Colleague: 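Here's a structure for you.
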Amino acid sequence: MTHAFRLLSNGQLLDLPATLPVLDPATEEEIARVPECTAELLDATVQAARAAFPAWRDMPFAQRAESLVALAARIKAHADELALLITREQGRPLPMAKAEVMTAVHWLRGTAQLALPQSERTDVQGVRWATRRVPLGVVAAIAPWNFPLTLAAMKLGPALLAGNTLILKPSPFTPLATLRLGELAADLFPAGVLNVLAGGDALGPMLTAHPGIAKVGFTGSTATGRRVMASAAPTLKHLTLELGGNDAAIVLPDADPVKTARKLFMGAFLNSGQVCIAAKRIYVHESIYDGFAAAFAEAAKAAKMGPGTREGVMIGPVQNRPQYERVKALIEDCRASGQRFLVGGDVPAGPGYFIAPTVVDNPPEDSRIVQEEPFGPVVPLLRYSSVDEAVQRANASEYGLGASVWSSDPDAARAVAARLETGTVWINSVHLLDPQVPFAGRKQSGLGVENGVEGLLEYTAVQTFVG
Ligand code: NAD
């Protein structure tokens, strides 16, 4: 790649030596190097973001909303270029990378339509009580590698709209589209309001511990989320943590096995299974299990695997080597414990982190493939006898991100959904999110809320005026 990627700090695009290598997961070849933020540059950026805060905070809300809409237009105008960057660094098929870019556009526009609530009352003694929401200061937004641009937009939009200034940090595995976003946005915001800093493993902890930062918006694994929380404790930062998931799908006996299997195949294998809200445990009633399993395996066999730049590909590579090794180890564990693969189970020699879609036939409930979040193209199908049993098994997870219920009777499905201990439950679908609707994980899947007014409020504090 010939483009020289630059960090955005205090309104300046910095031409620094590019030291951090970025690999194409389809070939394992280095495709670019990007600059790494040092502790000194982080300090200077935090200082600039703090200096920019009062003027941005005092700007009319509607004007900040307009800036988000302008950023959305700028991203849309460069959608093809950004999509190609996502495909090259993340691995996903190009049409799906384009869909991610357009989702980021949709998110910024949808967020710009939100409003902050205010309340006022005068009590019987004639005292006036007025409460408003105020921004916090400098926000650090930390994103993972599975949807670099959308998950950045989910933090950037509400943080800036509420009147905070922002430092956005992509994953070291996928910094390219995010740094390009910073370049495209540089002239749309006053200096210091939006900063984009890439770096290696040291940068995240530097952000979460920095005393000049008031809030961390984080998406990533549960293990890292715990580290973020511990690191933020001494400076008592506000936190939103969107963490791992092990979503159950419950297919009720009256669901159409073939149609449901086709839809759930996409729900499990989109982005090669690297989706926090992918269907990761699929519970199918014993009366339709065989028909469902056959249709699911057929869809898996038909899915074309290859580099995301090749036409017609559905399954791209796993994004990075550590994740590839984790998923391979889970498949090996299935093999070693004598489980049956309906399809897959083989890992091509490489180069590239490719794993063929793998479907495990009714493994024991306590096996690793059921208990752990695979975050890759492998999914267990699980046979159940009664709905009570399926609900109990679905809820037995330490995670509580999402779940789905599948039935030809949506009311019956909603009744089952009401018994599930997750932040979101989809009926006859998965993956649907909306910038105006709150999304939150329960149990070990997170803390706080993203999206909707509730998500916007997470970037504010309460201020009450009395009298
Ligand atoms: P990760 O936790 O390894 O990394 C996420 C981000 O945190 C990266 O930018 C990384 O550089 C940074 N980081 C790493 N260590 C840090 C530390 N000690 N302090 C601060 N920052 C640190 O996660 P990942 O492997 O990039 O992403 C996959 C995980 O993310 C999966 O578990 C998935 O379920 C989860 N995820 C959750 C959601 C959600 O909305 N709940 C969405 C997408 C992904």
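All values reported here derive from a predicted model rather than from experimental measurement. We count ligands from 1, going down the list as the structure has it; atoms in each ligand are counted the same way. The first residue in the sequence is number 1, and the count goes up from there.
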Colleague: With a 4.0 Å cut-off on heavy atoms, is Phe173 touching ligand 1?
Modeller: no

Colleague: Give the atoms of ligand 1, by number and element, whose distance to some non-hydrogen atom of Thr219 is under 4.0 Å.
Modeller: 5 (C), 36 (N), 37 (C), 38 (C), 39 (C), 40 (O), 42 (C), 43 (C), 44 (C)

Colleague: Measure the distances from the heavy atoms of Ala143 to every atom of ligand 1 and state whether one is below 4.0 angstrom.
Modeller: yes

Colleague: Check each atom of ligand 1 against the heavy atoms of Glu373 and keep those under 4.0 Å away; list them by number with element.
Modeller: 31 (C), 32 (O), 33 (C), 34 (O)

Colleague: Can you list the ligand 1 atoms lying under 4.0 Å from a non-hydrogen atom of Leu401?
Modeller: 41 (N)

Colleague: Do Tyr324 and Arg326 have a side chain donor and acceptor closer than 3.5 Å?
Modeller: no

Colleague: Could you tell me whether atom 41 (N) of ligand 1 has a protein heavy atom closer than 4.0 Å?
Modeller: yes

Colleague: Any heavy atom of Phe147 sitting closer than 4.0 Å to ligand 1?
Modeller: no

Colleague: Mind checking whether Thr224 has an N or O less than 3.5 Å away from an N or O of ligand 1?
Modeller: yes

Colleague: Counting only heavy atoms, tell me which of Pro144, Ser171, Gly220 gets closest to atom 30 (O) of ligand 1.
Modeller: Gly220

Colleague: Please verify the inter-ring angle class for His3 with Phe5; under 30° counts as parallel, over 60° as perpendicular, anything in between as tilted.
Modeller: perpendicular

Colleague: Ser221 to ligand 1: N or O pair under 3.5 Å?
Modeller: yes

Colleague: Output the distance between atom CE (Met1) and atom CG (Leu176), rounded to the nearest 0.5 Å.
Modeller: 5.5 Å

Colleague: What about Trp145 and Phe375, are their ring centers closer than 6.0 Å?
Modeller: yes

Colleague: Using 30° and 60° as the class limits, which term best fits the ring planes of Phe269 and Phe296: parallel, tilted or perpendicular?
Modeller: tilted

Colleague: Please work out whether any backbone atom (N, CA, C, O) or any side-chain heavy atom from C-beta onward of Gln274 is under 4.0 Å from ligand 1, and answer side chain, backbone, both or neither.
Modeller: neither

Colleague: Any chance you could measure Leu197, atom CG, to Leu7, atom CG, to the nearest 0.5 Å?
Modeller: 6.0 Å

Colleague: Considering distance alone, does some N or O of Lys280 sit under 3.5 Å from an N or O of ligand 1?
Modeller: no

Colleague: How far is atom 36 (N) of ligand 1 from its nearest protein heavy atom, and which residue and atom is that?
Modeller: Cys276 CB, 3.5 Å

Colleague: Going by the closest heavy atom to atom 37 (C) of ligand 1, which one wins out of Thr150, Leu243, Leu433?
Modeller: Leu243

Colleague: Please test Met154 against Phe439 for side-chain contact (heavy atoms from CB on, under 4.5 Å), starting from the C-alpha separation and ending with a verdict.
Modeller: CA-CA 11 Å; Met154 283 187 188; Phe439 171 72; 5.8 Å; no

Colleague: Counting heavy atoms only, which part of Leu203 comes closer than 4.0 Å to ligand 1: side chain, backbone, both or neither?
Modeller: neither

Colleague: Tell me whether ligand 1 is touched by Pro172 - counting only heavy atoms on the residue side and a distance under 4.0 Å.
Modeller: yes

Colleague: Determine, step by step, whether Asp80 and Lys98 satisfy the salt bridge (charged side-chain N to carboxylate O under 4.0 Å, His left out) criterion, reporting the C-alpha distance in whole Å, the side-chain angles of both residues, the deciding distance to 0.1 Å, and the verdict.
Modeller: CA-CA 7 Å; Asp80 289 333; Lys98 180 83 179 277; 3.0 Å; yes

Colleague: With no hydrogens and no angle check, do the side chains of Arg226 and Gln444 hold a donor and an acceptor under 3.5 Å apart?
Modeller: yes

Colleague: Any idea which atoms of ligand 1 are less than 4.0 Å away from a heavy-atom of Val228?
Modeller: 19 (N), 20 (C)

Colleague: Any N or O of Asn146 that comes nearer than 3.5 Å to an N or O of ligand 1?
Modeller: no

Colleague: Taking distance alone, with N or O pairs closer than 3.5 Å, would you say Lys169 contacts ligand 1?
Modeller: yes

Colleague: Near Phe439, which atoms of ligand 1 are under 4.0 Å from a heavy atom of that residue?
Modeller: 40 (O)

Colleague: Taking 4.0 angstrom as the limit and counting only heavy atoms of Gly204, give me the atoms of ligand 1 inside it, by number and element.
Modeller: 19 (N), 20 (C), 21 (N)

